[in-house]
Amino acid sequence: MNYKAMGRIMSQILMLEALFMLPSLLLGICDGTPKTCMAFVYSMGIILLVAAVMFLASRGAKKTFFAKEGVVCVGLSWIILSLLGCLPFWFSGEIPAFIDAFFEIVSGFTTTGASVVPEVERLSRAVLYWRSFSHWLGGMGVLVFLLAVAPSGRNGSGFTLHLLRAESPGPNVGKLVPRMRQTAAILYLLYILLTVLNVVFLLLGGMPVFDAVCTAFGTAGTGGFGVKNDSIAGYSPYLQNVCTVFMLLFGINFNCYYLLLMRQFRNVLKNEEIRLYFGVVIGSVLLIVWNLRGFYPTLRETFRHAAFQVSSIMTTTGFATADFEQWPSFSKAILLSLMVIGACAGSTGGGIKCARVILLFKELRRSVRQLLHPQKIQVIRCDGQIIDEKILNRTNIYLSAYVIIIAVSFLLISTDGLSPTTNFSAVLACFNNIGPGLEAVGPTANFCSFSVFSKIILILDMLAGRLEIFPILVLFSRSTWKKS
């Protein structure tokens with residue numbers, strides 16, 4: 001295990017984290033909140049000190065960096081980033097309990113949006129900005145950002161490939177261009193451009209600048225932290241529609257945007273994942289609109305709320321314009337199903353991902369056909385290409401781990417005595433990085449009613465869900481830390 005190389009990477013990540021706290025500090029200074037300002041100053045000082053110690057301890061690091069180091073480095077980086085990133089919440093006293101501050105920042109970085117704060121509007125603008133920006137930073141990935149802007153001087157793509165694959169969501173991560181560092185830069189450039197475009201459309205609708213920036217951060221990262229207690233419900237229908245569109249856009253595989261820029265329109269149109277993604281969205285909206293007939297005064301309002309909530313849940317954003325806890329059971333069942341499916345691979349969304357759903361259904365169909373024709377060799381194709389059996393195997397392993405972790409987490413947090421629906425939807429919401437669940441963790445409630453033990457379980461669920469399970473699981477494996 002190349003600990004020094006991992007230490008060097010983590011020190012660079014922490015330096016970036018301290019740098020990203022500067023806008024919040026400036027907001028605190030402008031608003032005249034000295035306690036909040038000092039909280040960010042102390043936090044930045046501690047983070048830079050830890051980063052300096054790591055950097056000095058990692059001098060003379062070897063250049064060898066394998067998949068094992070990549071997976072472990074990503075898992076540890078996210079935990080350390082969260083442990084130190086929650087310090088402004090705690091030092092300022094705006095989230096008094098450390099475990100609550102830790103839960104909040106993990107929810108931010110993992111783009112979950114599950115909150116323990118009863119009244120968001122009581123938080124200072126500096127804390128609200130850092131809270132929302134954590135979505136934007138975690139959406140595309142902290143290490144992906146590092147690869148895009150902070151060259152390490154290593155030759156070849158092995159170093160960057162291991163980190164990118166360990167952090168990026170989806171069953172498989174490929175290259176847009178020959179060099180992985182350039183791929184990371186292209187992804188972040190697209191991410192920034194879409195975010196800026198989102199801010200512009202929100203401003204055109206009359207949303208205040210601060211609200212527009214924070215809302216765009218939550219939309220881009222498909223996170224869902226809002227600056228208002230009612231999330232997006234208090235804004236105009238135009239602004240709600242803008243959020244609906246951009247949530248859907250950020251749920252698309254970013255590789256497709258690159259293909260569009262390269263004018264490869266045919267490859268995008270024949271993409272099976274995109275077709276499934278929009279097919280599920282359109283079908284879900286129409287079914288919910290049918291189920292909600294008479295629930296709202298007009299068909300237009302019904303369609304707006306249905307489209308918004310489907311987009312929010314499907315992309316695992318977690319914004320809300322309505323209390324869908326009051327909707328009929330059929331509509332809630334649809335939303336619960338969308339929590340599991342999630343957005344596209346290679347997007348900022350969570351869930352199983354549409355790409356895996358396609359592979360699982362195709363493998364199920366192949367298994368049935370093999371029972372009928374056992375001697376016939378059958379391959380699985382996606383977008384006209386044969387899928388490697390290793391990818392199919394990893395998909396099956398992922399699904400197994402997914403089911404086991406949800407079942408165990410559900411049992412563990414059920415010791416708090418809350419209803420089964422609350423507990424199950426809370427686990428689904430955290431593990432799939434969605435935010436709101438049902439009943440006691442619905443869109444108008446929060447997660448503060450859970451015990452410290454349950455919050456720790458849900459924190460691990462959020463991290464495992466965002467990092468595709470295995471970077472967190474390997475940290476608990478003894479074989480990871482044994483000397484080869």
Side-chain angles (χ1 to χ4, degrees), residues 169-170 194 197-198 201 219-220 222 224 232-233 237-257 259-260 265-322 324 327-362 365 382-383 428 432-436 443:
L194 276 174
L197 194 62
N198 190 5
F201 275 93
T219 306
T222 61
I232 308 296
Y238 166 82
L239 292 174
Q240 292 175 6
N241 291 334
V242 168
C243 289
T244 299
V245 171
F246 276 93
M247 283 189 292
L248 288 173
L249 291 178
F250 282 106
I252 295 173
N253 191 325
F254 275 70
N255 291 5
C256 292
Y257 293 123
L259 292 176
L260 289 175
F265 304 113
R266 185 175 297 178
N267 289 335
V268 175
L269 291 174
K270 72 178 185 180
N271 186 288
E272 293 182 40
E273 185 181 30
I274 293 293
R275 295 206 298 267
L276 175 66
Y277 175 67
F278 281 107
V280 170
V281 168
I282 293 170
S284 299
V285 170
L286 293 177
L287 287 172
I288 290 177
V289 168
W290 171 81
N291 190 228
L292 290 180
R293 62 193 185 280
F295 197 88
Y296 293 102
T298 65
L299 180 62
R300 177 179 294 182
E301 186 178 355
T302 304
F303 185 85
R304 172 163 52 84
H305 288 305
F308 187 97
Q309 291 310 144
V310 167
S311 301
S312 180
I313 299 300
M314 181 78 174
T315 61
T316 72
T317 305
F319 282 142
T321 59
F324 54 77
W327 287 4
S329 297
F330 181 67
S331 295
K332 290 192 287 186
I334 292 174
L335 295 180
L336 204 64
S337 302
L338 296 179
M339 288 184 184
V340 176
I341 296 173
C344 297
S347 71
T348 58
I352 288 180
K353 307 289 185 306
C354 291
R356 285 199 183 93
V357 173
I358 291 172
L359 294 180
L360 288 169
F361 271 104
K362 288 193 173 188
R365 184 177 63 181
C382 194
D383 299 334
L428 278 184
N432 292 300
N433 305 132
I434 293 167

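- The side-chain heavy atoms of L239 and I232, taken from C-beta on, include no pair separated by under 4.5 Å.
- Side chains of F278 and I252 form a contact here, defined as non-hydrogen atoms less than 4.5 Å apart.
- At most 12 heavy atoms of other shown residues, nucleotides or ligands fall within 6.0 angstrom of atom CZ in F361.
- Ring geometry, F308 versus F319: the interplanar angle falls from 30° to 60°, so the pair is classed tilted.
- With N241 contributing its side chain and P237 its backbone, the two residues share a donor-acceptor pair below 3.5 Å.
- With hydrogens and angles left out, the side-chain atoms of N291 and S331 include a donor and acceptor closer than 3.5 Å.
- Closest approach of Y238 to F201, counting heavy atoms only: OH-O, 3.0 Å.
- Between F254 and Y257, the angle of the ring planes goes over 60°, which puts this pair in the perpendicular group of the 30/60° scheme.
- Across T302 and T298, no two heavy atoms sit closer than the pair OG1-O, 2.9 Å.
- Other residues, nucleotides and ligands place no more than 12 heavy atoms under 6.0 Å from the CZ atom of R266.
- Contact between P443 and A320 at its shortest, heavy atoms only, is CB-CB, 3.9 Å.
- Residue F295 qualifies as enclosed at atom CZ: its count of foreign heavy atoms under 6.0 Å is above 12.
- Looking only at side-chain heavy atoms (C-beta outward), T321 and Q309 come within less than 4.5 Å of each other.
- In this structure Y296 satisfies the ring pair (Phe, Tyr, Trp, His ring centres under 6.0 Å) test together with H305, sequence neighbours excluded.
- At least one side-chain heavy atom of Y277 sits under 4.5 Å from a side-chain heavy atom of T315.
- Looking at heavy atoms from C-beta onward, C344 lies in side-chain contact with I274 at the 4.5 angstrom threshold.
- The heavy-atom pair separating A306 from V289 by the smallest distance is CB-CG2, 3.7 Å.
- Contact detail for S312 and G318: the closest heavy-atom pair is OG-N, 3.0 Å.
- Between L249 and T219 the shortest side-chain heavy-atom distance does not fall below 4.5 Å.
- In this structure, E301 has no salt bridge (charged side-chain N to carboxylate O under 4.0 Å, His left out) partners at least two apart in sequence or on a different chain.
- Contact annotation: the side chain of V280 approaches that of M314 to within less than 4.5 Å [non-hydrogen atoms, C-beta and beyond].
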